[in-house]
There are 2 protein chains.
Amino acid sequence: MAQAPVLDRRSFGADDVIFKEGDHGSVAYIVQSGTVELQRGRGMIAELTEGAIFGEMALIDGAPRMATARAKTPVTVIVLPKMLVDSKLDGVDPFVLRLLHILINNVRNFARLMD
Amino acid sequence: MAQAPVLDRRSFGADDVIFKEGDHGSVAYIVQSGTVELQRGRGMIAELTEGAIFGEMALIDGAPRMATARAKTPVTVIVLPKMLVDSKLDGVDPFVLRLLHILINNVRNFARLMD
């Protein structure tokens with residue numbers, strides 16, 4: 001890339017919803033501080049802390065969010081816009097791109113199997 | 001890549017095990033014909049047909065096979081050696097590589113949550 005993009009930060013209070021299961025997703029996130037909980041239905045599926053990336057799947061495959069992301073504590077996230085992620089995927093070997101899609105499918109299938 | 005590698009094919013009879021949960025994995029596969037069933041514990045987690053790639057996760061993250069792959073019908077698979085997959089991943093943008101690892105972690109975590 002020609003220049004490093006300046007990335008937005010967003011802050012959330014404890015218990016705030018960052019995105020909801022079923023939402024259309026246009027950004028992904030990196031946890032900068034705090035703890036984010038991913039929930040599907042009534043089940044907790046992951047707890048994410050500093051450095052974790054989440055919300056990337058809907059960005060890559062265009063399907064709705066498979067989980068709700070909620071701030072468990074006060075949280076600051078770095079926002080990764082779709083354009084940035086697309087630019088990273090641009091020119092990636094087709095086999096690697098296919099692997100990404102297979103893995104996303106696998107995650108979504110597992111989530112459905114768990115329901 | 002300088003030249004297209006010649007890829008081995010392997011054939012399995014119905015009910016043959018292609019790999020077992022817990023195995024160390026050094027190759028991935030593409031289904032060329034027939035149906036492959038992925039099982040974890042006593043549960044069936046996927047049925048794969050022509051063109052599907054499987055067994056790629058253990059190759060990328062080095063962890064044991066999370067499922068058993070069994071031929072449901074007579075099956076022919078194309079063998080993707082680790083060296084080939086590594087060569088595809090070589091030089092991939094670090095962010096994309098990180099996405100791959102995150103997604104593999106997610107699949108493995110879901111599988112554990114399902115147990």
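In what follows, chains are A, B, ... by sequence order, proteins preceding strands, each numbered from 1.
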Tell me, side chain or backbone of [X] under 4.5 Å from chain A's heavy atoms, or both, or neither?
| X | answer |
| --- | --- |
| B/Ala111 | both |
| B/Arg98 | side chain |
| B/Asn109 | neither |

What distance separates [X] [atom1] from [Y] [atom2], expressed to the nearest 0.5 Å?
| X | Y | atom1 | atom2 | answer |
| --- | --- | --- | --- | --- |
| B/Phe110 | A/Arg108 | CZ | CZ | 10.0 Å |
| B/Met57 | A/Ile102 | CE | CD1 | 11.0 Å |
| A/Met66 | B/Asn106 | CE | CG | 7.5 Å |

Among B/Ile60, B/Val92, B/Ile104, B/Ile45, which residue forms the greatest number of heavy-atom pairs with chain A at distances under 4.5 Å?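 When all of B/Ile60, B/Val92, B/Ile104, B/Ile45 are compared, B/Ile45 has the most.
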Among A/Leu89, A/Leu84, A/Leu80, whose side chain to side chain contact (heavy atoms under 4.5 Å, CB included) with B/Phe95 holds?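 It is A/Leu80; the other options fail the test.
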B/Met44 with B/Val17, same ILVMFWY side-chain cluster at under 4.5 Å: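 Not linked; separate clusters.
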Would you find more than 12 non-hydrogen atoms of other residues, nucleotides or ligands less than 6.0 Å from A/Glu47 atom CD?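 Result for CD/A/Glu47: enclosed.
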Just checking A/Met83: does its CE atom have more than 12 heavy atoms from other residues, nucleotides or ligands closer to it than 6.0 angstrom?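 Counting neighbours around CE of A/Met83, 12 or fewer heavy atoms of other residues, nucleotides or ligands fall under 6.0 Å, so no.
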Does some side-chain heavy atom of A/Leu103 sit less than 4.5 Å from a side-chain heavy atom of B/Glu56?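 Heavy-atom side-chain distance check passes, below 4.5 Å.
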With respect to chain B, which residue among A/Ile53, A/Leu113, A/Val96, A/Asp93 yields the maximal number of heavy-atom pairs within a distance under 4.5 Å?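 The option with the most such pairs is A/Ile53.
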